[in-house]
Amino acid sequence: MGAALQMTAFGLALLSTLFLLLATCTDCWMVNADDSLEVSHKCRGLWRECVTNMQDGVRTCDQYDSILADHPVKIVVTRTLLITADLLAGLALAMLLLGLDCIKFLKEDPGVKLKMCYGAGVILGTGSILGLVGSVWYAVDVYVERATLVAHNVFLGVHYDFGWSCWLGMAGSMGCLVASVLLSCCL
C-alpha cells in the first residue's frame, strides 16, 4: 500500500510540475474574448504577447522589453510566484524520487527515506500554494480589470479573459497540493 501511494504521489507530482513549468513558459494567460468576428487571436503571457492570424495561421509575438523593465504588478508577482513554485516543485520531485521505496538509495535506512518523502510533501505543498496564489492573483486581476472597464462603460475594442496558461497553472498547483497531502498525511 505504501509503495503504491508513493508511486501515485510521484506520478501526480511529476505531471503537476510539468503543468506548472508549461504555465510559466507559455504565453496565453489572457486571451481576447470579444464576441465579434475576429480575424486574429490575441494572447498575453508573462513574457510576451502574441497575435495569431485566423485566416492563414501566421503567428507573431512581441517580447516584453526587459525582465527588469517596469511591468504591471500582476506580471511581476505572477512571474515571481510561479518561478519559485517551479523551483520548489522540482526540488521536491528530486527529493521524492530519492525517498521512494523502489529506489535503492539509502535502502538500509527506511526512516530516512520516509523523512525524505515527508519533506518532499512539505516542499511540494509550499510550492503548490505559491503557484496557486500566483495563478489566482493573475486571474483575479484580469477579472477586476475587465469589470472596471465594463462598470465605466469603456470599450477598448478587445476584452480579455482567462487563457489556458492560467488554467494550466491552477491545475498544476492543485495537483501538487493533492500530491503533497498524499505524501504528508496519508503515508
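Heads up: numbering here begins at 1 and tracks the sequence.
- We find that Arg44 and Asp62 are not joined by a salt bridge, their nearest charged nitrogen and carboxylate oxygen being 4.0 Å or further apart.
- No side-chain heavy atom of Thr26 sits less than 4.5 Å from a side-chain heavy atom of Trp47.
- No side-chain heavy atom of Lys42 sits under 4.5 Å from any side-chain heavy atom of Val31.
- A distance-only check finds a donor-acceptor pair linking the side chain of Arg79 to the backbone of Leu46 [under 3.5 Å].
- Counting heavy atoms from C-beta outward, Leu132 and Met174 have side chains that approach closer than 4.5 Å.
- A donor-acceptor contact shorter than 3.5 Å links the side chain of Lys113 to the backbone of Leu98.
- The closest donor-acceptor contact from the side chain of Trp29 to the backbone of Ala23 lies under 3.5 Å.
- Counting heavy atoms from C-beta outward, Ile123 and Tyr118 have side chains that stay 4.5 Å or more apart.
- Here the side chain of Ser180 pairs no donor or acceptor atom with the backbone of Cys176 at under 3.5 angstrom.
- Cys50-Cys61 SG separation is under 2.5 Å; the pair is scored as a disulfide.
- With contacts defined as side-chain heavy-atom distances shorter than 4.5 Å, the pair Thr78/Ser135 does not qualify.
- With contacts defined as side-chain heavy-atom distances shorter than 4.5 Å, the pair Ile83/Thr24 qualifies.
- Under the 4.5 Å side-chain criterion, counting only non-hydrogen atoms from C-beta, Tyr143 is in contact with Phe162.
- Listed for the Ser128 side chain is a donor-acceptor partner under 3.5 Å among the backbone atoms of Gly125.
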